[in-house]
There are 2 protein chains.
Amino acid sequence: MGRKRTKSGKIRLAEVAELAGVSPITASRFFRNPEALSVAKRTRVESAAQELGYVPNLAARALASQRTEVIGVLIPSLTNNVFSDVLRGIYDAFEGSPYSIQLSNTRYSILQEEKLLRLFLAQKPAGLIVTGIDQTTESRAMLEAADCPIVQIMEIGPNPVDMMIGFSHYDAARAAIAHLFAQGHRKVGFVGARMDPRVQRRLDGYVAAMKDAGLFDQRLIVTTATPTSVTLGGALFADLLARESGIDSVFCANDDLALGVLFECRRREIAVPEQIAIVGFNDLEFMASSVPTLTSVRTNRYEMGSAAAAMLIEAIEGKRPQEPVLDLGFTVIERQSSQTQRPAAGPRAAEWAPVIQNDSVTNDP
Amino acid sequence: MGRKRTKSGKIRLAEVAELAGVSPITASRFFRNPEALSVAKRTRVESAAQELGYVPNLAARALASQRTEVIGVLIPSLTNNVFSDVLRGIYDAFEGSPYSIQLSNTRYSILQEEKLLRLFLAQKPAGLIVTGIDQTTESRAMLEAADCPIVQIMEIGPNPVDMMIGFSHYDAARAAIAHLFAQGHRKVGFVGARMDPRVQRRLDGYVAAMKDAGLFDQRLIVTTATPTSVTLGGALFADLLARESGIDSVFCANDDLALGVLFECRRREIAVPEQIAIVGFNDLEFMASSVPTLTSVRTNRYEMGSAAAAMLIEAIEGKRPQEPVLDLGFTVIERQSSQTQRPAAGPRAAEWAPVIQNDSVTNDP
DNA sequence: AGGATCGTTGACAGCGCTACCAGCAACGAC
DNA sequence: GTCGTTGCTGGTAGCGCTGTCAACGATCCT
C-alpha cells in the first residue's frame, strides 16, 4: 500500500514522519522548535521534508494550536503615499518571518475600523497594527481585551493601548511654523485637505504657533474634507488668495498640496519664495527636485512601519520592549521654497548630489 | 451545566445550534447555503447566532472543507503609485465578500514570485491575481496546474494561463509617439527607469515607432535599472541632453520621470513645449495640474484591479467569463506639454474645471 | 547506589467545522 | 399501492496538526 495520502495527493506531516522514521509529533516539533530534536533526527526530518516537498497546512496548525500567525493591519487609505511607505516597512520587516499580513482599509472611518477589528480579533491574530489613536470606545475596549500585542502607529499620544510608534504632528507643525517665522514670515496661511485626526493635529499646532506669536487669523486657514491631491492644493490656495491678501507664506498639511500651491504660484507668476514661501509635510521624494526645491517636514514612514513590525514580533515572542512608546520624531528640511536669503550654487548642488538614490532592493521603491 | 464552551469562552457553532434547537450541521448549512433550510429554522439559527455573537472559526472551516477563502495577490512593488491604484480596485471589489486578500510583494523578481506562488498554492487559495505575463517556466507550470481561477493583470499577451486583464504597453507607447509625430516632433528621446517587462515593452513600442518613421537612433534612449523617481527623471534627462543635441521631445516611461524632466527643463530654462515637448505615462493626478500641464497616456488602473477581482469572484462561483482576456485600453491625454500650437484660455480652463475631484468615498484616494 | 534531573521521544485526544451519506416526510407518477 | 423524487435534517467520521502528559535512557548529584 505504501504511504497513505490525502485525496488531493498532498503530502502531510505523517508522510514526512514516516519517511524520516520518526513519529508525527517529532516531525511537528522539527518545524516549530528544531533545537528540541537530536541532530540525527533533525537532519532526517529535514531531508524527508525536502524530498517530499512538504508544506505545512496552516489551517490545521491554526486549528490545533488555537492561534494563527496572522498580523492584522488596519490603515485608513491605500492610496496615500504616506501609507504605502509605512506598509512597505511593515511588509519588509515581516518578510522571512512565519507571519502573514492581513491588510484592511478603514477608509478613514472609525466605525469601519471597529467592524474590521471585530472581524480580526475573532480570528485570534498573533498581533495587530492599527493607525492612530482615535478609536471608538468600543474599539478601544476590544483592543484592551485582546490577548495579542498591539501597536498603534502614525502618531503618539497618552494612554497607549499597548505599544505605540509615531511622532507628534502637533510639534511637527509648530516646528514648521517656527521655521517660517525664523525666515521672517508673519502672515502664514494654512492649507489642509482630508482633515483626518493627524492633519487636524497639524492644524492645531499651526494655530497654537500663530496664537503664541499673536498672528492668528481664522481667515488664513483653508481646509476641506475632500481627499488630498495636487490639483486640490492649487484650488485651495486660490481660495486663500481670493479671501485674504498680503499672505507671505503657506504651510501645507502635506506635500501634494504644497506641489499644487507651487504650480498655482507659477500659474499666477507669484515668485517662490520671494513673494510666497511654501512648506509641505512628509518630505516625499519630489520635494527635493522641484523648482524651486520645496521645504518639508520629513517623517520616518518606512521606519515607522518596520519598527512597528519589529516591536510586534518581539512582543509576540515574549520580549516586550522596555519603553512601549517610541517617538520617531521629524526633521524640518529647509529648501529653497522657504529661504528668504536664497543660497547660491552650493546648496543647490548639494541637494542635487544624490540624483540616483533609493537603489537598494530591500528598500524597493 | 448549561452550554459547554471552549476554554477561551468562544462561541462555537455547536452552541448556536443548541440555542436554536437544531443540529450543528444544520447551523453550519445556514452560514453556507441558507436557502437549503426551512424558513423557520433559518430564522431560529440566525437569531441564535446574533444573540451569541457567533463568528465562525475560519481555520476549522478551511481544514474541514479543504479550501480557503483566500485570494492571493502578487504584485512587484508596494511603492509604485500604479500598483496602489490597482490594489485599491482589488480591495474595494472584494469588500463585503467573504474572501480575504493575501498580498505579497515580488520586488520585481520572478524568482521571488515563484517562491511566493509555491507558498500560496500550498494553501489552496480560492483564486490568484498575478502581475504580468513574464513568469518563470516553473511558475507557469504551477499556475497551470493550480485548481483555482487565476487572473494575470497589468498587460495582455498571448497564452493566458487562465484569465487576463490589462492593455498593450507596446501599443500605448506607439500611440504616444504617434501623437508627438503629429505635433511635428521628430527627434524624440526616451527616458526609462526600473525597466521591468512592461517598461521594456513601452520601450519596444517607442523603438518600433521610431524605426517605422526612419528616425530611430540608439543615442536617444536613456534607461536605468534604478527604481523610478522624480529626481531620477531630471538626472536621466540631463544625461540625454549631455549626450545628444537637437532633441525636440521626450517620451517618459512614467509620470514621475516626466515631472522630473519638466523640473530639469525649468532649471535649465528650456521652454516646454516650445523647445522640448514632454509626454508621460499613466496619467497620475498631478499631470493635469502642473505648469504646463503634462501630456500622458491614461491607463485604467483602478478598473484593472476591480475588474480582475470581479472576474475572479465570478469564476470562483462557476460563472466563467465568455472572453478570458479583457483589454482595458488606454488614452493619450493631450495637454500643454506636447502641444506645439499652445491653445488659448479655453482648454486651460477646461482642464482646470474639476479642481475638486475624486470625492467619492468608494474611490478613496 | 539511589534518586533527581535533563533531553528527547511518543501516545492520545482533540481543535471547530464540514463532506458524505442516510433518513424521513410529503408528494406525485405510474 | 409501489416506486421514485424532492426538500429538509441529522449522524458519523474525519480534515492535519499540536497541547499535554507520560515514558525513556543518560547524566548528575549526594
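Residue numbering restarts at 1 for every chain, and letters A, B, ... go by the order of the sequence lines.
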Strand contacts (DNA chain C) in residues 24-31 of chain B, 4.0 angstrom heavy-atom criterion: B:I25, B:S28
Tell me the interatomic distance from [X], atom [atom1], to [N], atom [atom2], rounded to whole angstroms.
X: A:L37; N: C:dG10; atom1: CG; atom2: P; value: 10 Å
X: A:Q123; N: C:dG16; atom1: CD; atom2: P; value: 12 Å
X: B:E35; N: D:dT6; atom1: CD; atom2: P; value: 19 Å
X: A:N57; N: D:dG16; atom1: CG; atom2: C1'; value: 6 Å
X: A:R32; N: C:dT9; atom1: CZ; atom2: P; value: 14 Å
X: B:L13; N: C:dA19; atom1: CG; atom2: C1'; value: 14 Å
X: A:L58; N: D:dG16; atom1: CG; atom2: P; value: 14 Å
X: A:I11; N: D:dC17; atom1: CD1; atom2: C1'; value: 16 Å

Donor on one side chain, acceptor on other, B:T136 and B:E114, under 3.5 Å: yes
Lys/Arg N to Asp/Glu carboxylate O, B:R42 vs B:E35, below 4.0 Å: no
B:E113 bridged to B:R107 by N-O distance under 4.0 Å: no
Closest approach to the side chain of [X], judged atom by atom: which nucleotide of [options] is it?
X: A:V22; options: D:dG16, C:dG10, C:dG16; value: C:dG10
X: A:S23; options: D:dG16, D:dG19, C:dA11; value: C:dA11
X: B:L63; options: D:dG10, D:dC15, D:dC17; value: D:dC15
X: A:S38; options: C:dT8, C:dT18, D:dT18; value: C:dT8
X: B:A60; options: C:dT18, C:dC17, D:dC17; value: C:dC17

Side-chain contact test, heavy atoms from C-beta onward, threshold under 4.5 Å: evaluate it for [X] versus [Y] and give yes or no.
X: A:L78; Y: A:F83; result: no
X: B:N80; Y: B:Y108; result: yes
X: B:L37; Y: B:V22; result: no

For B:D162, the option from B:R320, B:E144, B:M311, B:Q152 that meets side-chain contact (heavy atoms from CB on, under 4.5 Å): B:R320
Any donor-acceptor N/O pair, A:E317 side chain to A:E314 backbone, under 3.5 Å: no
Distance in Å, A:Y99 OH paired with A:I316 CD1, rounded so as to fall on 0.5 Å steps: 4.5 Å
Paired and unpaired positions of DNA chain D as dot-bracket, Watson-Crick or G-U wobble under 3.5 Å, | denoting a partner strand: ||||||||||||||||||||||||||||||
OP1 or OP2 of [N] under 4.0 Å from side-chain N/O of [X]:
X: B:R61; N: D:dC15; value: no
X: B:Y54; N: C:dG16; value: no
X: B:Q66; N: C:dC17; value: no

Counterpart residues, side-chain hydrogen bond (donor to acceptor under 3.5 Å, both in side chains), relative to B:S104 (two or more places apart): none
Touch class at under 4.0 angstrom, heavy-atom based, for A:R67 against every strand present: sugar-phosphate
Touch class at under 4.0 angstrom, heavy-atom based, for B:A36 against every strand present: sugar-phosphate
